[in-house]
Amino acid sequence: MNLLYTNTPGLEEAEANSVMAQLRAAHHLVEFMPWFRLTSYLRFETGSSLALIDAIVCSANGVELGWSRDDKLEAHYPFDTAVYLAEEARMLPDACTTRDGRKWRSLPFIIFHGPVAPWLLQAAKVSTQALFYLGFHHVYAARMMMFHIEAAVKAHHVALLSDYECCGLLVRHEMGRAQIKPALKRKHGRSNTEHYNAAGDRRKLSDWVTFSRDREGLSNDVALFEQLLSRDATETEMHKFFVQHPAILMEARGRIPLSHEINFTEPKNQKPDFVFSSILGSEDGNLDLLELKGPGERLVNRGFHAGFAHKVHASINQIRDYQRAMHNPTNLEAISKSLGFSPQNSRLAVLIGRSPQNRTDASTFDIRKREINVEIVTYDEIFESQMCQL
């Protein structure tokens, strides 16, 4: 799951970091948003329309009174602040959507709070339609927190898939996966339902794509991935696999994978295989570039001056050329149109080959990787990021 996490005043930074660490340890992608920025981000900032979020999680179980930086006693009102944020989210217009057309106001807004009067809690539930749970900071509470979040996201996905069908998208459930595909003809070009607004959907769907998966779906993805690796599938086959199952690269890289999203003006018709943006869209201003090669490619050559194989060097040159194109003024319009923002920085990576099994080759590979500013990722690393979840 992709989670936007915030906390209200009165919660210590260490406690908030602990919550996020526990969520990330459960293989969820989590990004922090200060509570005082949340409303303006959702309503006004371009980045919110480029984000990919499953739920907003708010910790509101901080202390009611605390000391300010100038040693003055001040009231924090954590519960009231959380209710205000949830009310603001529910009042967002339909045009405020994530990059896949989900309305921000319909996303699960989950509040973990301290003790509060029953009548106040009931009034908050009515005014916000948020989900409220009593939250404490210990191991058992962390497990319960994840249980509540996963249940809320699952229920939201069920409702969203139903809306997709109403809008003319094809939906199928197969081997633990919920997948979607564009129909030959949409029922309504600008469909607008309770959870989905087609006008905000930036995806370029052309084939079946996995929208969500359960444990069975994860297991089947791992099995299919292993089959592709065992027969040294081609670069094209691996690219198609990652496009159809976007969670694999998203979980491995911690960012949103976008396939062939940018088409450079100069050099003409050149497209990075994948670019990766934050799950909060343009929030951090960074864009990762990834060049994809096949799993059967050789990584190192042996000899007196052992080092990267020719294909690795060529891939490094290619991804650096793409970085240079990102900063070419001629391409600024194409980049901004494709991504919805102009990235300030770009980090480079190449996905190629299998991890060396020979000790000498592995040593050479590790030494050469440390000498360059391009990250060399092997398919075994991506595969392991899925295996560790089983």
Side-chain angles (χ1 to χ4, degrees), residues 1-5 23-24 26-31 42 48-58 86 89-90 92 94 96-111 128-133 144-183 191-198 200-203 205 207-222 243-251 254-257 279-281 386 389-390:
M1 296 182 299
N2 297 350
L3 304 174
L4 189 163
Y5 176 78
L23 293 170
R24 287 168 179 153
H27 308 290
H28 303 312
L29 303 187
V30 185
E31 290 292 344
L42 297 179
S48 65
S49 66
L50 307 173
L52 192 61
I53 296 294
D54 292 305
I56 301 173
V57 179
C58 178
R90 288 295 173 255
L92 291 171
D94 289 351
C96 293
T97 68
T98 59
R99 71 171 299 110
D100 59 356
R102 278 184 275 182
K103 298 178 182 179
W104 277 104
R105 67 174 179 82
S106 74
L107 290 181
F109 198 113
I110 308 166
I111 298 174
T128 65
Q129 299 179 28
L131 301 171
F132 292 83
Y133 300 102
M144 289 304 298
M145 174 184 287
M146 284 180 275
F147 172 80
H148 291 311
I149 294 172
E150 289 169 0
V153 170
K154 184 177 180 179
H156 175 68
H157 284 176
V158 170
L160 184 61
L161 289 170
S162 178
D163 281 9
Y164 281 159
E165 291 182 306
C166 292
C167 295
L169 286 171
L170 300 179
V171 177
R172 72 179 182 186
H173 299 270
E174 183 178 76
M175 302 177 70
R177 310 181 187 100
Q179 298 182 314
I180 60 174
K181 177 183 178 181
S191 301
N192 189 353
T193 64
E194 176 63 25
H195 303 281
Y196 176 68
N197 184 355
D201 195 340
R202 300 176 63 92
R203 293 173 298 182
L205 299 175
D207 201 350
W208 289 108
V209 173
T210 298
F211 169 74
S212 62
R213 60 182 182 174
D214 57 20
R215 191 170 182 82
E216 180 191 0
L218 170 62
S219 179
N220 284 312
D221 282 351
V222 168
V243 169
Q244 291 180 333
H245 308 282
I248 294 176
L249 283 182
M250 184 153 54
E251 292 168 356
R255 299 168 73 81
I256 307 170
I279 62 171
L280 293 183
Q386 297 298 290
Q389 298 182 47
L390 291 176

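This one's a predicted model, so the numbers in the text were calculated from it and none came from an experiment.
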Should [X] and [Y] count as side-chain neighbours, where that means a heavy-atom distance under 4.5 Å?
{"X": "His27", "Y": "Glu251", "value": "no"}
{"X": "Glu31", "Y": "Tyr5", "value": "no"}
{"X": "Ile279", "Y": "Arg255", "value": "no"}
{"X": "Ser48", "Y": "Thr98", "value": "no"}
{"X": "Leu160", "Y": "Thr193", "value": "no"}
{"X": "Leu131", "Y": "Ile111", "value": "no"}

Evaluate Leu161 against His173 for side chain to side chain contact (heavy atoms under 4.5 Å, CB included), listing each step before the verdict. CA-CA 10 Å; Leu161 289 170; His173 299 270; 3.7 Å; yes
Using a 3.5 Å distance criterion without hydrogens, assess whether the side chain of [X] forms a donor-acceptor pair with backbone atoms of [Y].
{"X": "Arg213", "Y": "Ala178", "answer": "no"}
{"X": "Arg99", "Y": "Ser49", "answer": "no"}
{"X": "Trp208", "Y": "Leu170", "answer": "no"}

So which atom in [X] and which in [Y] form the shortest heavy-atom distance, rounded to 0.1 Å?
{"X": "His195", "Y": "Asp163", "value": "N-OD2, 2.9 Å"}
{"X": "Leu3", "Y": "Ile53", "value": "C-CD1, 4.1 Å"}
{"X": "Leu23", "Y": "Met146", "value": "CD2-CG, 3.7 Å"}
{"X": "Ala86", "Y": "Ala130", "value": "CB-CB, 4.1 Å"}
{"X": "Arg203", "Y": "Ile180", "value": "NH1-CD1, 3.4 Å"}
{"X": "Val30", "Y": "Arg24", "value": "O-NH2, 2.7 Å"}

Pair [X] + [Y], salt bridge at N-O below 4.0 Å:
{"X": "Arg177", "Y": "Asp214", "result": "no"}
{"X": "Glu194", "Y": "Arg102", "result": "no"}
{"X": "Glu165", "Y": "Arg172", "result": "no"}

Looking just at side-chain N and O atoms, do [X] and [Y] make a donor-acceptor pair shorter than 3.5 Å?
{"X": "Asp54", "Y": "His28", "value": "no"}
{"X": "Gln179", "Y": "Gln244", "value": "no"}
{"X": "Tyr196", "Y": "Asp100", "value": "no"}

Please state whether the rings of His148 and Tyr133 are parallel, tilted or perpendicular, taking 30° and 60° as the class boundaries.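 Rings of His148 and Tyr133: parallel, under 30°.
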Would you say Gln129 has more than 12 foreign heavy atoms packed within less than 6.0 Å of its CD?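 Counting other residues, nucleotides and ligands, CD of Gln129 stays at 12 neighbours or fewer.
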Go through it in stages, so that I can follow the logic: the residues are Lys181 and Leu169, the test is side chain to side chain contact (heavy atoms under 4.5 Å, CB included), and I'd like the CA-CA distance, side-chain angles, deciding distance and then a yes or no. CA-CA 6 Å; Lys181 177 183 178 181; Leu169 286 171; over 6 Å; no
Can you spot which of Asn197, Asn192, Thr97 makes a side chain to side chain donor-acceptor pair (under 3.5 Å) with Lys103?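 Between Lys103 and the candidates, side chain to side chain donor-acceptor pair (under 3.5 Å) is satisfied uniquely by Asn192.
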Quick one: pull up [atom1] in [X] and [atom2] in [Y] and give me the separation to the nearest 0.5 Å.
{"X": "Met1", "Y": "Ser212", "atom1": "CE", "atom2": "OG", "answer": "12.0 Å"}
{"X": "Asp221", "Y": "Thr210", "atom1": "CG", "atom2": "OG1", "answer": "6.0 Å"}
{"X": "Ser219", "Y": "Leu390", "atom1": "OG", "atom2": "CG", "answer": "5.5 Å"}
{"X": "Gln386", "Y": "Leu249", "atom1": "CD", "atom2": "CG", "answer": "9.0 Å"}

How far apart are the C-alpha atoms of Asn2 and Met250, what are their side-chain angles, what is the distance that settles it, and do they pass the side chain to side chain contact (heavy atoms under 4.5 Å, CB included) test? CA-CA 10 Å; Asn2 297 350; Met250 184 153 54; 3.6 Å; yes
Side chain to side chain contact (heavy atoms under 4.5 Å, CB included) between Trp104 and Ile56, intermediate numbers included: CA-CA 9 Å; Trp104 277 104; Ile56 301 173; 4.1 Å; yes
